[in-house]
Visitor: 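This structure is in structure tokens; I'll ask about it shortly.
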Amino acid sequence: MKWTDHGSSIELYTPLAFNFAQCLVFLDRSNQETLHRINAGYLVKLLKFDEEVVFCQIASKQNSMHVNFPLTSPSAATRKKVAAYLWQWFDVERDLSSFYEMAHKDSILQPLGQKYYGLRIIGIPDLFEALVWAIIGQQINLTFAYTLKKRLVEHFGESLTFEGETYWLFPSCEKIATISVATLRDLQFTVRKCEYIIDIAKLMAGGALTTEKLLQKENDQDIKKALMSIRGVGAWTADYVMMKSLRCPTALPMADVGLHNALKIQLGLEHKPTIAEITQIATQWKGWQAYATFYLWRSLYD
DNA sequence: ATCCAGGAACTGT
DNA sequence: ACAGTTCATGGA
């Protein structure tokens with residue numbers, strides 16, 4: 001991580017193949033998003049580390065992201081954690097040169113690699129948030145998924161209001177571990193999803209499931225198996241979480257409807273491609289399946 | 001109305 | 001292992 005701690009602000013130095021504006025397009029894809037906000041080109045996000053809430057304004061500069069704390073004065077240790085979070089969130093560490101090399105030779109990715117050059121996979125560093133968001137999104141349209149997430153966040157998350165706008169933190173697993181299925185049902189989650197989410201909250205609150213434990217596995221197959229052993233986590237959710245939270249570059253959520261739609265559009269097909277066709281197409285993406293998927297998702301927001 | 005949505009568990013073969 | 005069914009509700 002390359003950064004400077006200025007005390008009242010911090011600065012993260014981003015590589016050439018990094019485009020903040022492209023990342024903002026993805027971050028701005030829903031007007032129901034409650035976990036960050038975009039105001040006149042800068043990004044606002046609430047974070048919390050060790051009981052310390054941090055209000056961050058993130059602006060893009062020439063070769064850096066500049067982060068201000070207009071409402072709180074985080075400690076030096078917390079400033080470092082903020083830097084690490086943002087570095088993770090935007091996948092800044094990743095060297096994309098071989099991805100673009102591959103994309104250049106792939107007829108589908110070639111135009112996307114050029115158009116969205118510098119776009120990073122916007123992650124979900126918090127494993128609990130990633131799992132819950134994936135489960136919420138199972139088999140419902142994205143608009144409704146955002147509605148459900150908003151309800152969950154606004155019922156069980158912490159918030160902070162600044163200049164008339166309220167900013168939210170995703171609820172902790174400890175908090176969700178204490179609520180009942182009936183309580184979640186009231187927010188119009190299905191009984192199954194209530195059970196999945198509360199069970200996972202308990203697993204994580206108890207320390208049985210952590211990012212560290214998953215990353216200690218021998219290989220990605222073992223990580224996927226461990227995730228899929230959790231009730232409510234199938235292949236799609238496992239790959240989604242590996243892609244967005246565990247940062248596995250080869251994760252490929254094969255059953256993803258967004259991926260199917262993007263491919264249909266990019267290939268000019270009448271119908272969505274079959275799993276067999278996608279498997280065939282994806283052989284080109286070896287090592288970069290997650291980035292290929294993300295660039296295709298991005299193509300849905302032009 | 002009708003189809004489908006950033007699927008997964010369950011059931012029967 | 002594999003295919004069909006159920007869950008369950010809103011968006012377009």
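The chains referred to below are lettered A, B, ... by the order of the sequence lines, with proteins before strands, and numbering in each begins at 1. The basis for the numbers below is simple: all heavy atoms, side chains too, and nothing from hydrogens, waters or symmetry mates.
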Visitor: Write down the distance separating the P atoms in C:dG11 and B:dA8, rounded off to the nearest Å.
Guide: 22 Å
Visitor: If you measure from the C1' atom in C:dC2 to the same atom in B:dG6, how many Å do you get, rounded?
Guide: 25 Å
Visitor: Taking only the side-chain heavy atoms of A:Y196 (C-beta and beyond), determine which of B:dA9, B:dG6, C:dA8 contains the nearest atom.
Guide: B:dA9
Visitor: Once you round it to whole Å, what is the distance between P of B:dG6 and CD1 of A:I121?
Guide: 19 Å
Visitor: With rounding to whole Å, what would you report as the distance between C:dG10 and B:dA9 at their P atoms?
Guide: 23 Å
Visitor: Take atom CG of A:L148 and atom P of C:dA8, then tell me their distance rounded to the nearest Å.
Guide: 14 Å
Visitor: Between A:R151 and A:L148, is there a donor-acceptor pair closer than 3.5 Å when you use the side chain of the first and the backbone of the second?
Guide: no
Visitor: Would the distance check show the side chain of A:Q32 and the main-chain N or O of A:T143 forming a donor-acceptor pair, the cut-off being under 3.5 Å?
Guide: yes
Visitor: Under 3.5 Å, is there any donor-acceptor pair linking the side chain of A:Q138 to the base of B:dA8?
Guide: no
Visitor: Look at all strands and tell whether A:R29 reaches a base, only sugar-phosphate, or nothing, counting heavy atoms closer than 4.0 Å.
Guide: base
Visitor: Can you check the A:H260 NE2 to B:dG7 C1' distance for me, whole Å?
Guide: 11 Å
Visitor: Taking only side-chain N and O atoms of A:T143, does any of them lie within less than 4.0 angstrom of OP1 or OP2 on B:dA5?
Guide: no
Visitor: From CD of A:Q188 over to P of C:dA8, roughly how many Å is that when rounded to an integer?
Guide: 13 Å
Visitor: So what does A:A134 hit on the nucleic acid, given a heavy-atom distance under 4.0 Å: a base, only sugar-phosphate, or nothing?
Guide: nothing
Visitor: Strictly below 4.0 Å, heavy-atom distances to any atom of DNA chain B: list the hits from residues 282-302 of chain A, or just say none.
Guide: A:W297
Visitor: Salt-bridge test for A:E51 and A:K48: reply yes if a basic N is under 4.0 Å from a carboxylate O, no otherwise.
Guide: yes
Visitor: Which whole-number value in Å describes the distance from A:I135 CD1 to C:dT9 C1'?
Guide: 17 Å
Visitor: Is the phosphate of C:dG10 approached by A:R151 (side-chain N or O, under 4.0 Å from OP1 or OP2)?
Guide: no
Visitor: Side chain of A:F144 only, please: which of C:dA8, C:dG10, B:dG6 is the nearest?
Guide: C:dG10
Visitor: Do A:S98 side-chain atoms and A:E101 backbone N/O form a donor-acceptor pair below 3.5 Å?
Guide: no
Visitor: Any chance the rings of A:Y167 and A:F162 have centres within less than 6.0 Å?
Guide: no
Visitor: Between B:dC4 and C:dC7, how far apart are the C1' atoms? Round to whole Å, please.
Guide: 15 Å
Visitor: Establish, with yes or no, whether the OP1 or OP2 oxygen of B:dA5 is under 4.0 angstrom from a side-chain nitrogen or oxygen of A:K272.
Guide: yes
Visitor: What nucleotide among C:dT9, B:dA8, B:dG6 has an atom nearest to a side-chain atom of A:T237?
Guide: B:dA8
Visitor: Using whole Å, report how far CD1 of A:I200 lies from P of B:dG7.
Guide: 16 Å
Visitor: Counting side-chain heavy atoms from CB outward, which of C:dT9, B:dG7, B:dC10 is closest to A:R231?
Guide: B:dC10
Visitor: Please check if the side chain of A:K193 supplies one atom and the backbone of A:I136 the other of a donor-acceptor pair under 3.5 Å.
Guide: yes
Visitor: Let me know the distance between CD of A:Q139 and C1' of B:dC10, rounded to the nearest Å.
Guide: 15 Å
Visitor: Tell me if the centroids of the rings in A:Y146 and A:W133 come within less than 6.0 Å of each other.
Guide: yes
Visitor: Evaluate the ring planes of A:F90 and A:F20, with Trp represented by its six-membered ring, and classify them as parallel (under 30°), tilted (30 to 60°) or perpendicular (over 60°).
Guide: tilted
Visitor: Let me know, please, whether A:G232 or A:N141 comes out on the 5' side of the other along DNA chain B by nearest nucleotide.
Guide: A:N141
Visitor: Distance check needed: B:dG7 P versus A:I136 CD1, whole Å only.
Guide: 14 Å
